[in-house]
There are 2 protein chains.
Amino acid sequence: MKLSNGVEWALHCCVTLGQSQNPVSAARLAKLHGIPPAYLAKHLQALSQAGILHSTPGPVGGYALTRPPARISALDVVRAIDGPEPTFRCTEIRKRGPLALPPEECMNACAVSRAMATADAAWRAALEGVTIADLTQDIDADSSGTAMSGVREWLAGAG
Amino acid sequence: MKLSNGVEWALHCCVTLGQSQNPVSAARLAKLHGIPPAYLAKHLQALSQAGILHSTPGPVGGYALTRPPARISALDVVRAIDGPEPTFRCTEIRKRGPLALPPEECMNACAVSRAMATADAAWRAALEGVTIADLTQDIDADSSGTAMSGVREWLAGAG
DNA sequence: GTATCTCGGATATCTGACATCCACGTTATA
DNA sequence: TATAACGTGGATGTCAGATATCCGAGATAC
């Protein structure tokens, strides 16, 4: 099991966009983070379709957050990039083999599926409790308060 | 992100093995659950290497649990099948691009990585709280107490 | 009105999961 | 002792999804 690394890019991009009042193009976001521009564009599209980012076409266009960083959770970003499907998909083993259960006894999810779903819910709850604002603050604290001001300067400059 | 469906098979096989005092061959486990025998054998090998199952070669051989079902957690099985790697791998974005941080400021994990690791720990903790014995009891309750007796009968018979 | 910059969807490549098979060592039974 | 049954490990083929890229549609500034 592996999480798409696009999630990491998307989270960092949301943190960055929280530092800018003007739209930032996909190309500049890619250059700032040192990642492939064409591929990042695909993930930004997903964030846009999920309602996390607002895109403005034309010159001086780009992407911007649709709401304050404190109202965007890490779970929102993960769902947008990785999809809403749970990590575990039940194959309904109990309906197969010589001891297969009749469909009328399989109305609710099987015990294995329920246990995995509970763990999945715990994972999602933890992600829901972290916002882009939290991540921004933590990243700034890690750098002794220089990271975000550096980002703002870079965004203001020519890049 | 997707969890290998071998995890589902492995959990069901552990529940089944908990109902048998004698070793059960991979072929019979596959037939009972209606899944491909050759592929299941691969996963059973992983469970054996992880110390969850004990294998006995030769005729009347097969697999058996190494400890009581109450002492085998769902996390043990997931780790054996899916590997110990966390769901999120940090690409160290902060070391790339024009604002790359020097290595001496990257001694500890970045904020994004920490947030994902926390969620991952919550997921694993939830799985650790569920044992094979719990799953067995739940499956039996779902079937009004007929499922496990049916499994025991099938294992005792020729199959 | 035009040129330019942007997003958006369609397209190609490539890794890893899924699934299978076979030769080998081991063990119980005849 | 010979034989049959079983797990072990490696090699192999197949396929979905992630990775990576390109070009057309649309909007804005000049």
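Computed over heavy atoms, backbone and side chain alike; hydrogens, waters and symmetry mates excluded. Computed from a predicted model, the values in this text were never measured in an experiment.
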Problem set entry | Toward the 5' end of DNA chain C, by each residue's nearest nucleotide, A:P59 or A:S55 |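 Residue closer to the 5' terminus by nearest nucleotide: A:P59.
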Exercise. Taking for each residue the nucleotide of DNA chain D with the nearest heavy atom, is it A:W9 or B:T56 whose nucleotide lies nearer the 5' end?
Worked result: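 Per heavy-atom nearest nucleotide, the more 5' residue is B:T56.
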Examine distances only and state if a side-chain atom of [X] and a backbone atom of [Y] form a donor-acceptor pair shorter than 3.5 Å.
{"X": "A:T91", "Y": "A:I93", "result": "no"}
{"X": "A:S20", "Y": "A:L17", "result": "no"}
{"X": "A:S143", "Y": "A:D140", "result": "yes"}

For this session: Would you please test B:S4 and B:D82 for side chain to side chain donor-acceptor pair (under 3.5 Å) and show each step?
Result: CA-CA 7 Å; B:S4 165; B:D82 210 59; 4.7 Å; no
Rounded off to whole Å, could you give me the [atom1]-to-[atom2] distance for the [X] and [N] pair?
{"X": "A:E8", "N": "D:dA18", "atom1": "CD", "atom2": "C1'", "result": "15 Å"}
{"X": "B:H54", "N": "D:dT8", "atom1": "NE2", "atom2": "C1'", "result": "14 Å"}
{"X": "B:Q45", "N": "D:dG10", "atom1": "CD", "atom2": "P", "result": "9 Å"}
{"X": "A:D82", "N": "D:dT19", "atom1": "CG", "atom2": "P", "result": "9 Å"}
{"X": "A:L40", "N": "C:dC7", "atom1": "CG", "atom2": "C1'", "result": "13 Å"}
{"X": "B:L53", "N": "D:dC6", "atom1": "CG", "atom2": "P", "result": "17 Å"}
{"X": "B:N22", "N": "D:dC6", "atom1": "CG", "atom2": "P", "result": "13 Å"}
{"X": "B:K31", "N": "D:dC6", "atom1": "NZ", "atom2": "P", "result": "11 Å"}

For this session: Name the closest nucleotide to the A:S4 side chain, picking from C:dA19, D:dT19, C:dT20.
Result: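 Within the option list, the nearest is D:dT19.
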Can you find a side chain N or O atom of [X] that sits less than 4.0 Å from OP1 or OP2 on [N]?
{"X": "A:N5", "N": "D:dT19", "result": "yes"}
{"X": "B:Y39", "N": "C:dT20", "result": "no"}
{"X": "A:Q49", "N": "C:dG9", "result": "yes"}
{"X": "A:Y63", "N": "C:dG8", "result": "yes"}
{"X": "B:S48", "N": "D:dT8", "result": "yes"}

Within the 4.0 Å heavy-atom criterion, would you say [X] contacts the bases, only the backbone, or no part of the nucleic acid?
{"X": "A:G62", "answer": "sugar-phosphate"}
{"X": "A:A26", "answer": "sugar-phosphate"}
{"X": "A:E85", "answer": "nothing"}
{"X": "A:P57", "answer": "sugar-phosphate"}

Exercise. Below 3.5 Å, does any donor atom in the side chain of B:K42 face an acceptor in the base of D:dG7, or the other way round?
Worked result: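 Side chain to base: no pair below 3.5 Å.
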Problem set entry | Closest heavy-atom pair and its distance - A:A26, A:L40 |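 Residues A:A26 and A:L40, closest heavy atoms: O-CD2, 4.0 Å.
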Problem set entry | Check: A:R114 and B:V130 side chains under 4.5 Å, non-hydrogen atoms |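 No - every pair of side-chain heavy atoms lies 4.5 Å or more apart.
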